[in-house]
Amino acid sequence: SSHLVAARSRRIGASTRTRSPPNVTSERMAPSLEDPDQKTPDELAKHYSTDVSNGLTSRQAEEILARDGPNELEKPPKPTLLILFILQLTGFVIILLLVAAIASIAVNATGPNKEDILSYTTGKAIFVIVILNAGIAAWTEHKAGDALEALSKMTQASIGVLRDGAEQRVDVPMVVRGDVVILGTGDVVPADMRLVEADDVKVSEMALTGEPDDVAKTAKLKTKKPGEPEKLTPENMVFSGCSVTNGKGKGIVCETGMSTRIGRIAQLIAGDEGSKPKTKCGCLPDTSANATPLQQNLEKLGGRIGMIAIVVCIVIFIIGVAMDRTDPANPGSPAWLYMILIAVTLAVAAIPEGIPLCVTISLSIGCSDMVRKNVLVRKLAAVETLGSASVICSDKTGTLTEGKMTMVNMYTGTVSYDVEGKGFDPTVGSIRRETGGAEAGMDLGVRSSLLAALLCCNTSLSKVLDPETGEEKWEPKGNSSEAPIVVAARKIGLDENISADYRRVLEIPFSSSRKMMLTLSDVSGRSTLCQGGMDLPAGSTLLSVCKGAPNFILDYCTEQLWEDGSVRPLAEHDKKEVLDIVDNYSSKALRVLAIAIRTFEAMPFDVNDEDLTTDQKFEACRSNLCLVGLVASIDPDRDGVPESVVAARGAGIRVVMITGDYLKTAMAIAHNVNILQPDDDEELSAVDCARLRPGGEYLDHTDMDILTSSIRVFARAKPEDKLEIV
C-alpha cells in the first residue's frame with residue numbers, strides 16, 4: 001500500500017486513457033473465460049481441460065506454459081549503468097555544454113596558442129563537469145533500481161498443486177491456467193482462481209482493494225440480485241498476491257501473469273496498455289513524457305540560452321565583418337575568420353556550465369535526506385517534483401492508517417471502557433473505565449468478556465524477526481478481526497495459551513449467513529469462568545461462546561451480565577440501549593463484535609446422531625444466550641498523519657483519500673486525520689466511486705475534472721479507479 005502524488009498541471013497520457021475499466025489479455029495467450037465467478041466448477045474444468053480431483057497432467061501443464069508463458073509480471077528491461085549514464089547526456093543544456101566544449105577546444109586548436117596546454121582549460125573543465133554530473137545522477141538511479149529489484153523478489157517460492165492425480169509443490173512461475181491449486185492458511189494466492197472448495201476461507205485483499213478486513217470466500221455460485229451493491233471482488237474468486245488468513249480451499253487457476261488483476265494494474269501503471277516502450281536516438285528509452293517540471297524548465301532554459309547565444313554571435317559576427325575587424329596578432333588574416341573565433345568564444349562563455357552540476361548535487365543531497373527517512377527515490381529529478389505537487393492522493397489502509405486492527409473500546413457489565421495502545425504490541429497500553437479513567441484490567445466484566453472471546457478465536461500472537469530492521473516485533477497469525485481480541489486479552493494478563501486449559505469440543509466457523517462463530521469448550525470442575533471472572537452455574541461442564549454481528553447475536557440473547565457479576569434478564573429496553581451503543585461505535589467507523597455465552601450440564605445434542613447437520617448443532621448451542629460484552633476495533637491513523645495533512649493544507653496542497661473501504665468508514669477516518677473538516681458538507685466532499693462510472697463507463701474528462709476538483713474522499717475504489725482519479 002503506498003500513495004500517489006499528482007500535480008494537477010500534469011495529466012500524463014490523458015489523451016490515451018481508457019474510458020472504461022480495461023480487460024487486458026496478452027496476445028500470446030488463449031482467450032480467457034469471461035466471468036469465471038458465474039461458472040460452475042464443471043464448466044470451468046471443461047473449458048480448461050482439467051479435472052477438479054486430479055488436476056492437469058504434466059504434459060498439459062508444459063504445453064500451456066509454453067503457450068502462455070511463466071506466471072509472473074512482465075518487467076521492462078532494466079537499463080544498465082552505461083545506458084543511464086548516456087541518458088544523462090541527452091538533455092538540451094548538456095548537449096549545449098558539449099557543443100560549447102568542442103567549439104572551445106577547436107577555437108584554441110586553431111589559435112596562436114594551440115601549443116599551450118593551458119589554453120584548453122575551459123573545454124576540459126566543461127567535459128569534467130558534464131561527466132561528473134552524469135555519473136552522480138546515473139549511479140543514484142542505478143542503486144535505487146537495485147533496491148526495487150530486491151523488493152520484487154520477496155514472494156512465495158512455491159505452492160501446492162494437483163498434477164497427475166497427486167499433490168506436488170510447484171514453483172509459482174510454473175503455475176498455469178487450468179491448474180488445481182491447494183490453498184491453506186498463510187499461503188499467498190499464486191494466480192487468479194475460482195474456488196471449487198472453501199472451508200472457512202478468508203483472504204486479505206488489502207493490497208488489491210485497500211479493505212483492512214479479511215474477506216470471507218465461498219465456493220458457491222452466487223448471482224447478483226437487483227439493487228444489491230456491487231462488491232469489489234466476487235465471493236468465489238481469490239486473486240494473485242492476496243494472502244490466505246484463515247481456512248483451506250481448492251481452486252482452478254483462471255488467469256496468470258499479466259492477465260491477473262494485479263497484472264492489469266501493472267499495465268495500467270505502465271500506460272499505453274502494454275505497447276512497446278518508446279525510444280530515442282534509436283536505442284535509448286524515451287522518458288520525455290514523464291519529465292518533471294524541473295527537467296522541463298531546464299530544457300526551456302537551455303533552448304532560450306542557445307537561441308540567444310546564436311543570435312548574439314551572428315550579430316557580433318556581422319558587425320565585426322562589416323567593420324573589417326582583424327586579428328591584432330595577425331593583421332593579414334581575413335576578418336571573417338577572426339570574427340568566427342570571437343563569436344564561438346562568446347557562445348562558450350554564454351553557456352552556464354555550472355547549472356546541471358549544481359542541480360544534480362542539490363537533488364542528490366535531497367535524495368540522501370529522503371533515504372535516511374526510509375524513502376526510496378527511483379529518479380533523481382523526482383525529488384524536485386514533490387515541491388511542484390498541488391494534490392496528494394493517498395490510499396487509506398497502511399498509509400494514512402496503521403494497517404493493524406486495534407481494539408479501542410469495550411462495553412461489558414453495562415460499563416463502557418477505553419482500550420489504550422496501537423498496533424499488536426500487548427505491552428503498550430491498558431484498559432481503563434471510560435468514566436474516571438480508572439485501571440480496569442481486573443474488572444469482572446472485562447476479564448469475562450475477553451476470556452470468552454479468546455475461547456472463540458483461532459488467532460495467535462507472537463514475536464517474529466523483522467527481516468528489514470532485524471528487530472523483533474509482535475505479529476498475529478490468523479483472522480485480522482480476532483487479532484485485537486488476542487492483543488487486548490494479553491494486556492490484562494490472559495495468555496493465548498490459556499485456551500488450551502479449555503478443551504474445545506465443537507467449532508462452528510463464521511459464515512455469511514450465520515454472521516457469527518460458535519465454539520463449545522469444556523469447563524468441567526470450574527466455578528468461575530477464569531480468575532477474576534464471572535461465576536459459572538453449579539454443575540456446568542460445557543461453555544458455548546458466540547462471537548459475531550451484534551444485531552444477530554442479540555436476537556438469541558435472553559440475559560445480560562452486570563457489573564456486580566450477576567446475570568439478569570435482557571429486556572427490550574436493555575437491547576435498545578445496547579444497540580444504541582453499537583450505533584455510536586459504528587458512527588466512529590469501529591468494527592463491533594458481540595460476545596455471548598451459555599453453559600450446559602451436558603451436550604445439547606446427540607453426539608452419536610450422524611445425521612445431525614452443522615446448522616442443527618448450531619441451533620442447539622446458540623439459544624438463550626447471555627450477553628457478556630461488546631468489543632470495538634478500528635484501523636487507527638498513523639502517528640503524525642493528522643499533523644502532516646494540516647501542514648500540507650497550509651502549503652496549498654489538497655489531500656485526497658482514495659480507498660476500497662465503505663463510504664461511512666472512509667469519512668470517519670478522513671475526519672480523524674483532518675482530510676475532512678468539521679464544517680465540511682460530506683455529500684459534496686465524499687463519494688462512492690460508482691459515481692465515476694455510471695453504467696460501467698467512466699465519465700468524460702470534463703465531468704471527471706469537475707467531480708475530482710472538489711471531492712476529498714473516494715470510497716469503494718477499484719485499482720483502476722485510483723489511476724483514473726489521479
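For R693 and D721, the salt-bridge test passes: some basic side-chain N is under 4.0 Å from an acidic carboxylate O. Comment: R598 does not engage E559 in a salt bridge, judged by the lack of any side-chain N to carboxylate O separation of less than 4.0 angstrom. A salt bridge links D564 with R568: the closest approach of a Lys/Arg side-chain nitrogen to an acidic carboxylate oxygen falls below 4.0 angstrom.
A cation-pi contact, defined as under 6.0 Å to the ring centre and within 45° of the axis, links K202 to F510. For the pair R691 and F714, the NZ or CZ position fails the cation-pi test of under 6.0 Å to the six-membered ring centre and within 45 degrees of the ring normal.
Smallest separation of non-hydrogen atoms from S587 and A668: O-CB, 4.3 Å. Looking at every heavy atom in both residues, F605 comes nearest to A620 through CD2-CB, 4.3 Å. In plain terms, the two heavy atoms of P190 and M193 that are nearest each other are CD-SD, 4.1 Å. Here the closest non-hydrogen pair linking L454 and S499 is O-OG, 3.7 Å. Contact record, T459 with N479: OG1-N, 3.0 Å, taken as the closest heavy-atom pair. Of all heavy-atom pairs between V238 and L183, the closest is CG2-CD1, 4.0 Å.
Atom NZ of K575 has more than 12 heavy atoms from other residues, nucleotides or ligands within 6.0 Å. For Y662, the OH atom sits in a loose shell: 12 or fewer heavy atoms of surrounding residues, nucleotides or ligands are nearer than 6.0 Å. Within 6.0 Å of the CD atom in Q531, the count of heavy atoms belonging to other residues, nucleotides or ligands does not exceed 12.
For the residue pair D661 / T659, no side-chain donor-acceptor distance below 3.5 Å is found, with atom types taken as modelled. Side-chain contact, D443 with Y417: a donor N or O sits under 3.5 Å from an acceptor N or O. Side-chain contact, E420 with S430: a donor N or O sits under 3.5 Å from an acceptor N or O. Between the side chains of E205 and T233, a donor-acceptor pair is found at a separation under 3.5 Å.
Listed for the D609 side chain is no donor-acceptor partner under 3.5 Å among the backbone atoms of D606. Between the side chain of R447 and the main chain of A489, no donor-acceptor pair closer than 3.5 Å is present. No donor-acceptor distance shorter than 3.5 angstrom exists from the side chain of E601 to the backbone of T541, with no hydrogens or angles considered. Between the side chain of K217 and the backbone N or O of P234, at least one donor-acceptor pair lies under 3.5 Å. A distance-only check finds no donor-acceptor pair linking the side chain of S416 to the backbone of Y411 [under 3.5 Å]. D192 places a side-chain N or O within 3.5 Å of a backbone atom of S240 that can act as its donor or acceptor partner. The closest donor-acceptor contact from the side chain of T528 to the backbone of G533 lies at 3.5 Å or more, if one exists at all. Distance alone, capped at 3.5 Å, is enough to place a donor-acceptor pair between the D425 side chain and the T427 backbone. Remark: side-chain polar atoms of N674 are paired, donor with acceptor, to backbone N or O of P642 under 3.5 angstrom. Without hydrogens or angle criteria, S449 side chain to V446 main chain gives no donor-acceptor distance under 3.5 Å.
In this structure A632 satisfies the side-chain contact (heavy atoms from CB on, under 4.5 Å) test together with N409, Y585, L590, V592, sequence neighbours excluded. Partners of E682 according to the side chain to side chain donor-acceptor pair (under 3.5 Å) rule, which considers only residues two or more places apart in sequence or in another chain, are H671. Considering only residues two or more places apart in sequence or on other chains, S685 meets the side-chain contact (heavy atoms from CB on, under 4.5 Å) condition with L676, D680, R712. With sequence neighbours left out, L663 forms a side-chain contact (heavy atoms from CB on, under 4.5 Å) with M667, A686, A715. By the side-chain contact (heavy atoms from CB on, under 4.5 Å) test, E402 is found to be paired with K404, K422, D635, P636, R638, residues two or more places apart in sequence or in another chain being considered. Residues forming a side chain to side chain donor-acceptor pair (under 3.5 Å) with T245 (at least two apart in sequence, or on another chain): D214.
When the options V486, L494, L455, I595 are evaluated for a side chain to side chain contact (heavy atoms under 4.5 Å, CB included) with L450, the one that passes is L494.
Side chains of I725 and L692 form a contact here, defined as non-hydrogen atoms less than 4.5 Å apart. Counting heavy atoms from C-beta outward, D522 and Y502 have side chains that stay 4.5 Å or more apart. When side chains are defined from C-beta on, Q560 does not count as touching V567, because their heavy atoms never get closer than 4.5 Å. Within the 4.5 Å cutoff, no side-chain heavy atoms of P550 are placed close to those of V578. In this structure, the side chains of L221 and R194 come closer than 4.5 Å at one or more pairs of heavy atoms. Counting only heavy atoms from C-beta outward, the side chains of T185 and K248 never approach each other to under 4.5 Å. Counting heavy atoms from C-beta outward, L561 and L627 have side chains that stay 4.5 Å or more apart. Side-chain contact between I675 and V656: absent, with no pair of heavy atoms (C-beta onward) separated by less than 4.5 Å.
Between the CG atom of L451 and the CD1 atom of I492 there is a distance of 8.0 Å, given to the nearest 0.5 Å. One finds the CG atom of L529 at 9.0 Å from the CG atom of L444 (value rounded to the nearest 0.5 Å). With rounding to the nearest 0.5 Å, the separation of SG in C393 from CD1 in I658 is 4.0 Å. To the nearest 0.5 Å, atom CG of residue N608 and atom CE of residue M603 are 10.0 Å apart. One distance of note links CG of L570 with CD of E572; it measures 8.0 Å at 0.5 Å rounding. Once rounded to the nearest 0.5 Å, the distance linking CZ of R432 with CG of D418 reads 10.0 Å.
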Exercise. Going through the checks in order, is the side chain to side chain contact (heavy atoms under 4.5 Å, CB included) test met by T401 and I669?
Worked result: CA-CA 8 Å; T401 64; I669 296 294; 3.9 Å; yes

For this session: Could you walk me through whether V464 and K477 pass the side chain to side chain contact (heavy atoms under 4.5 Å, CB included) test, one step at a time?
Result: CA-CA 11 Å; V464 297; K477 183 177 181 180; over 6 Å; no

For this session: Take V487 and M407, measure what side chain to side chain contact (heavy atoms under 4.5 Å, CB included) needs, and give me the verdict at the end.
Result: CA-CA 8 Å; V487 174; M407 190 184 298; over 6 Å; no

For this session: Go through the steps for E482 and M517 under the test side chain to side chain contact (heavy atoms under 4.5 Å, CB included), then give the verdict.
Result: CA-CA 11 Å; E482 294 178 351; M517 174 182 176; 3.8 Å; yes

Exercise. When you look at K39 and D35, which way does the salt bridge (charged side-chain N to carboxylate O under 4.0 Å, His left out) test go after all the steps?
Worked result: CA-CA 7 Å; K39 307 295 182 184; D35 300 325; over 6 Å; no

